[in-house]
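Indexing begins at 1, ligand by ligand and atom by atom, following the structure's order. We use all heavy atoms of the structure for the numbers below, so side chains are in, but hydrogens, waters and symmetry mates are not. Just so we're clear, the structure is a prediction, and the values are computed from it rather than from any experiment.
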Amino acid sequence: MTLPQSAAPQAGGQGSAADDIREARTSLGIELGSTRIKACLIGSDATEVLATGSFSWENRLEDGRWTYAIDEVWSGLQSAYAALIDDAQERHGIRPETFGAIGVSAMMHGYLAFDGSGELLVPFRTWRNTSTGAASAELGELFGVNIPLRWSIAHLHQAVLDAEPHIAQLASVTTLAGYVHEQLTGERVLGVGDASGMFPIDSATGDYDERMLRAYDALIGDRLPAPVAQLLPAVLPAGAAAGTLTQHGAALLDPSGALRPGIPLCPPEGDAGTGMVATNSVAPRTGNVSAGTSIFAMVVLEHPLAEVHHELDLVTTPAGDAVAMVHCNNGASELAAWAGLFTRFAAVAGQPVSDDAAFDALFREALEGEADAGGLIAYNHLAGEPIAGLLEGRPLFVRTPESAFTLANFMRAQVYGVFGTLALGMQVLAAEGVQLDRMFAHGGMFRTAGVAQRFLAGALDAPVAVGELAAEGGAWGIAVLASYLSHAGDVSLVEYLDQRVFATASLSTVDPDPADVAGFASYLDRYRAGLAIEAAAVDSL
Ligand SMILES: Nc1ncnc2c1ncn2[C@@H]1O[C@H](COP(=O)(O)OP(=O)(O)O)[C@@H](O)[C@H]1O
Ligand SMILES: O=C(CO)[C@@H](O)[C@@H](O)COP(=O)(O)O
């Protein structure tokens with residue numbers, strides 16, 4: 001997800017925003033996304049973004065596993081934080097040294113394993129790894145719920161099954177947000193939404209499911225050094241106190257020494273939860289789609305699902321309510337690769353354009369394409385894609401000799417390709433009878449207004465809303481969760497968002513165009529049939 005566009009500077013740089021910063025009526029949100037680490041500062045009006053900062057990074061495939069270096073977590077956080085401080089100085093004439101509250105959010109799941117002295121035992125294994133098939137199948141059977149490949153317990157169990165030597169020294173496992181939060185505060189805790197992507201949560205207790213904890217301990221016997229509950233972080237709901245910034249934590253975030261310790265932190269959350277907050281989608285029947293490096297749709301459930309489906313993951317809101325998620329490992333990265341190719345072409349042709357301008361031109365062209373993309377098909381599978389039954393990624397573009405190979409159709413096929421696997425999963429959710437009042441979309445694809453939004457409405461055959469702060473993301477969502485710390489005693493999270501944060505927010509909603517709906521349905525038929533080509537590519541290339 002991406003950050004809100006910069007708010008307008010206060011007149012003379014010394015208005016109420018500067019007062020908010022000086023008097024610490026602010027909340028700092030930090031999100032470690034797949035392609036950017038983002039920092040976002042809000043004031044007493046949560047909808048006003050006072051300053052932002054970011055740092056670009058990329059996962060790497062090392063020894064067959066997607067990872068990020070831990071050193072880069074810290075250098076990236078420091079850069080994003082420093083950029084935010086500079087932005088505050090430039091826009092409001094003041095360098096913040098303290099905040100009312102801080103929150104940390106990050107990509108969810110995966111595996112960060114530590115020994116008793118806090119040493120990382122193996123390189124960070126991110127959500128994108130699909131090497132946990134045996135573990136996920138065994139746990140799904142044991143628990144009677146879908147355990148996706150990227151769940152932390154699947155990573156842990158796979159390491160046990162593979163008898164990895166580090167298991168003997170294992171003292172704790174956490175997510176990226178949990179790790180950063182612990183370094184900043186000394187507290188080994190996790191927001192319930194992020195925890196739900198480690199191990200199944202019982203929404204009635206707001207904690208790890210007791211029955212499943214016991215079943216896992218019985219299965220594992222002495223193959224782990226401790227009962228699994230001792231290895232996992234403690235679970236907290238939104239609004240709970242989750243520790244304060246220590247001297248050590250302050251120095252990690254701001255090596256200049258200006259940042260003061262003692263600031264309260266909210267429970268660290270995953271980007272699913274902060275996406276729900278950023279789109280006011282935490283109440284039953286609300287849904288949202290996040291379209292970034294990955295793409296995933298979530299709907300807050302009114303009733304438990306009737307059956308287990310491998311296409312549907314169960315997580316929770318930051319308040320602990322059950323959410324069904326259709327998650328695809330591959331979102332808009334392949335689209336970005338094609339946009340990069342065209343940007344380079346423009347440069348070598350002597351007409352350089354910015355990345356945003358290239359997206360704008362290519363997306364506008366896609367609007368001119370045929371409703372079914374002229375028979376062209378694009379597969380965005382850079383990484384394995386469980387819903388499509390693919391263990392590895394092989395991005396492909398396919399056409400027949402008679403298909404209409406134009407730039408407009410090509411670009412429409414690429415945008416449709418981002419929504420292809422998601423649409424397959426959404427059909428399963430619809431067949432479960434899950435009702436939703438609206439779908440709210442967010443993420444980098446919506447930086448170009450009106451195009452991805454229209455095609456997504458066609459793909460889902462449902463109205464799609466995009467917020468005024470269209471590209472607002474998890475960094476803003478976690479800043480809002482941090483601001484909720486001082487209100488949690490008075491109002492529920494749903495009320496806080498409805499009444500205090502989103503009361504005046506305006507939305508642009510696009511209804512599905514019947515021609516797009518029919519065109520996408522025909523694209524999806526070909527897309528589904530062509531998955532056999534993808535599987536063959538994985539086998540032979
Ligand atoms: N101006 C733009 N218009 C449309 N799509 C864009 C634009 N800029 C970036 N994107 C798309 O947004 C994606 C990044 O989305 P983002 O939500 O920031 O990702 P993440 O949170 O996973 O790092 C890129 O892969 C790219 O395809
Ligand atoms: O796996 C999940 C959510 O379940 C995400 O954390 C993961 O897809 C990363 O999301 P981004 O593509 O970085 O927005």
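The nearest non-hydrogen atom to atom 3 (C) of ligand 2, considering only Arg128, His109, Met107, Glu31, comes from His109. Closest heavy-atom approach to atom 6 (O) of ligand 2 within the set Asp194, Leu176, Asp271: this belongs to Asp271. Here atom 13 (C) of ligand 1 lies nearest to Ala332 when heavy atoms of Ala475, Gly33, Ala332, Gly340 are compared. For atom 26 (C) of ligand 1, the candidate residues are Phe359, Trp338, Trp57; the nearest heavy-atom contact is made by Phe359.
For ligand 1, the atoms sitting less than 4.0 Å from at least one non-hydrogen atom of Gly443 are 17 (O), numbered in the order shown with element in parentheses. Taking a cut-off of under 4.0 Å to the non-hydrogen atoms of Ser34, the atoms of ligand 2 that pass are 9 (C), 11 (P), 12 (O), 13 (O). Counting the atoms of ligand 2 from 1 in the order shown, those under 4.0 Å from a heavy atom of Thr293 are 12 (O). Those atoms of ligand 2 that come under 4.0 Å of a heavy atom in Met108, given as number and element, are 3 (C), 6 (O). When each atom of ligand 1 is checked for a heavy atom of Phe363 under 4.0 Å away, the hits are 4 (C). Against a heavy-atom cut-off of under 4.0 Å, His327 is close to the following atoms of ligand 2: 1 (O), 2 (C), 3 (C), 4 (O), 7 (C), 8 (O). Close approach to Thr35 involves these atoms of ligand 1, each under 4.0 Å from a residue heavy atom: 19 (O), 20 (P), 23 (O). Heavy-atom contacts of Arg447 reach the following atoms of ligand 1: 1 (N), 2 (C), 3 (N), 7 (C), 8 (N) (cutoff under 4.0 Å). Each of the following atoms of ligand 1 lies closer than 4.0 Å to a heavy atom of Ser34: 22 (O), 23 (O). Near Asp356, the atoms of ligand 1 lying under 4.0 angstrom from a non-hydrogen atom of the residue are 1 (N), 2 (C), 8 (N).
For Phe446, no nitrogen or oxygen atom sits less than 3.5 Å from a nitrogen or oxygen atom of ligand 1, counting backbone and side chain alike. Polar contact check, Gly292 against ligand 2: no nitrogen or oxygen pair lies under 3.5 Å apart. Taking only nitrogen or oxygen atoms, main chain and side chain alike, Trp127 does not reach within less than 3.5 Å of ligand 2. Between Gly292 and ligand 1, not a single N/O pair is under 3.5 Å apart.
Using a distance-only test at 3.5 Å, with no hydrogens or angles considered, a donor-acceptor pair links the side chain of Asn409 to the main chain of Glu370. Checked by atom type and distance alone, the side chain of Asp209 never pairs as donor or acceptor with a backbone atom of Asp202 at under 3.5 Å.
The aromatic rings of His109 and Trp151 lie parallel to each other, their planes meeting at an angle below 30°, with 60° marking the opposite boundary. Relative ring orientation between Tyr179 and Phe114 is described as parallel, the plane-to-plane angle staying below 30° on a 0-90° scale split at 30° and 60°.
Proximity of His327 to Ser294: side-chain heavy atoms (C-beta onward) are separated by under 4.5 Å at one or more points. Annotation: side chain of Arg65 is in contact with side chain of Ser131 (closest heavy-atom distance under 4.5 Å). For the pair Leu531/Leu424, a side-chain contact is recorded, criterion being any heavy-atom separation below 4.5 Å from C-beta on.
In this model, a donor atom of one side chain and an acceptor atom of the other lie less than 3.5 Å apart for Trp338 and Glu334.
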Go through the steps to decide whether Thr421 and His381 satisfy the test side chain to side chain donor-acceptor pair (under 3.5 Å), and finish with yes or no. CA-CA 9 Å; Thr421 315; His381 301 137; 3.1 Å; yes

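Contact annotation: Met325 has at least one heavy atom less than 4.0 Å from an atom of ligand 2.
Annotation for Arg285: atom CZ counts as buried by contact number, over 12 foreign heavy atoms lying within 6.0 Å.
The side-chain contact (heavy atoms from CB on, under 4.5 Å) test with Tyr111 singles out one residue from Val173, Ile153, Asn129, Thr175, and that residue is Val173. The side-chain contact (heavy atoms from CB on, under 4.5 Å) test with Tyr208 singles out one residue from Pro233, Pro200, Ser196, and that residue is Pro233.
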